[in-house]
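Indexing begins at 1, ligand by ligand and atom by atom, following the structure's order. Heavy atoms only: backbone and side chains are in, while hydrogens, waters and symmetry mates are out.
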Amino acid sequence: MVAAGTKGIGLACATELAKEGCRVSICARDEAKFAVAAEHIRSEAPDADLHFQVCDVTSRNDLQAWVDEVNQSWGGVDILVTNTGGPPAGHWTEMNDDHWQSGFESTVLNVTRMVEMVAPTMKAQGWGRIIHITSVVAKEPSALLPISSTLRSGLMSLTLLQSKELAPYGVTVNGVLPGHTMTDRQVHLAEVVSARDEISVEEALTQRGQTLPVGRLGQADEIGAAVAFLASKRASFISGINLLVDGGQVNCPS
Ligand code: NAD
């Protein structure tokens, strides 16, 4: 199951898992996006067995319906990738109560709910992989992303707690922390910087890439590849980590 999987990092995770031979169920709020996502995945994994579900990850009912559907159709869940859109950007003084509340619902509550819903079947089958897509800002807070920085830092603790609890059942729980990755979200953040610093969006994107040790922005499939590895049988001895996939931003700053 890959949440919010019709574009960006979610789509890349779904594609990489399909390439590994997984049956992949993807959720998104907008049914119209399914055909394009399927076309993209099948361009790289022609025989992909795909399932789509309309689901807003902030809705407990939607999430439960999705999990029920996958359990019924496929007899359980082996791999869960929690993912969603990023919380609003701006200085923390610009964030109001609604921003914080919706940020909590979209980045934390969906994670607790989804794990609560899939853990029983994973425990019963004695195998599972849970991967939370969070952010580099969990380790290096960003003034532009106060809600994401605060909540994703907390999600590292939740990942550890879930990992400890589920490890004895053969279920690993890990976080993947993307750095600056070229998706619509990255373009949106560049638009915010463009308005703030009076530079073009292209300049903002280029400058961002140049600040990273690798000298460029990441690509979504580079995040998906890390997720596919953590979801694999080969990653059976890895649990409770928060893996930076950030082009060296945090661990080898210039
Ligand atoms: P994106 O904006 O390109 O894609 C996000 C997807 O989530 C979209 O398809 C959107 O429709 C969907 N979505 C949003 N809210 C949803 C909801 N309530 N229910 C269902 N679907 C919903 O973003 P992305 O770059 O792919 O980012 C994915 C995640 O990774 C985000 O949480 C983001 O904060 C995080 N992240 C991204 C970057 C980056 O540079 N792109 C860096 C660090 C962390």
Give me the nearest non-hydrogen protein atom to [atom] as residue plus atom name, then the distance to 0.1 Å.
| atom | answer |
| --- | --- |
| atom 38 (C) of ligand 1 | Gly179 O, 3.9 Å |
| atom 27 (O) of ligand 1 | Ile9 CD1, 4.0 Å |
| atom 4 (O) of ligand 1 | Lys7 CE, 3.7 Å |
| atom 12 (C) of ligand 1 | Ala4 CB, 3.7 Å |
| atom 32 (O) of ligand 1 | Arg152 NH2, 2.6 Å |
| atom 5 (C) of ligand 1 | Gly85 CA, 4.0 Å |
| atom 19 (N) of ligand 1 | Val57 N, 2.9 Å |
| atom 24 (P) of ligand 1 | Thr183 OG1, 3.7 Å |

What atoms of ligand 1 come closer than 4.0 angstrom to any heavy atom of [X]?
| X | answer |
| --- | --- |
| Asp184 | 3 (O) |
| Asp56 | 17 (C), 18 (N), 19 (N) |
| His180 | 40 (O) |
| Asn83 | 28 (C), 29 (C) |

Are [X] and [Y] close enough for a salt bridge, meaning some N to O gap below 4.0 Å?
| X | Y | answer |
| --- | --- | --- |
| Lys233 | Glu20 | no |
| Lys19 | Glu16 | yes |
| Arg196 | Glu94 | no |

Nearest-option assignment for [atom], heavy atoms, candidates [options]:
| atom | options | value |
| --- | --- | --- |
| atom 14 (C) of ligand 1 | Arg185, Arg29, Arg208 | Arg29 |
| atom 36 (N) of ligand 1 | Leu11, Thr134, Thr181, Ile133 | Thr134 |
| atom 31 (C) of ligand 1 | Asp62, Thr84, Thr82 | Thr84 |

Checklist line | Any N/O pair Gln186/ligand 1 closer than 3.5 Å | finding: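 There is such a contact, yes.
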Is there side-chain contact between [X] and [Y], with heavy atoms separated by less than 4.5 Å?
| X | Y | result |
| --- | --- | --- |
| Ile130 | Leu166 | yes |
| Leu205 | Val201 | yes |
| Met1 | Gln53 | no |
| Asn71 | Val77 | yes |

Check: Testing Val81, Ile241, Val227, Leu244 for side-chain contact (heavy atoms from CB on, under 4.5 Å) with Val176, which one passes?
Finding: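 One option only clears the test, and that one is Val227.
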Check: Between Arg129 and Ser232, is there a donor-acceptor pair closer than 3.5 Å when you use the side chain of the first and the backbone of the second?
Finding: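 The answer is yes, because a donor-acceptor pair under 3.5 Å joins these two groups.
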Check: Is the closest heavy atom of Gly5 to ligand 1 under 4.0 Å?
Finding: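 No, Gly5 has no heavy atom closer than 4.0 Å to ligand 1.
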Check: Should the ring pair Phe34 and Phe52 be called parallel, tilted or perpendicular, given that the plane angle runs from 0 to 90° and is split at 30 and 60?
Finding: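 Correct class here is parallel.
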Checklist line | Distance-only side-chain donor-acceptor flag, Ser163 / Ser239, under 3.5 Å | finding: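 There is such a pair (donor and acceptor under 3.5 Å, judged by atom type) between the side chains of Ser163 and Ser239.
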Margin query: One residue to check: Cys55. Relative to ligand 1, which of side chain, backbone, both or neither has a non-hydrogen atom less than 4.0 Å away?
Written below: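 Within the 4.0 Å criterion, Cys55 contacts ligand 1 through backbone atoms alone.
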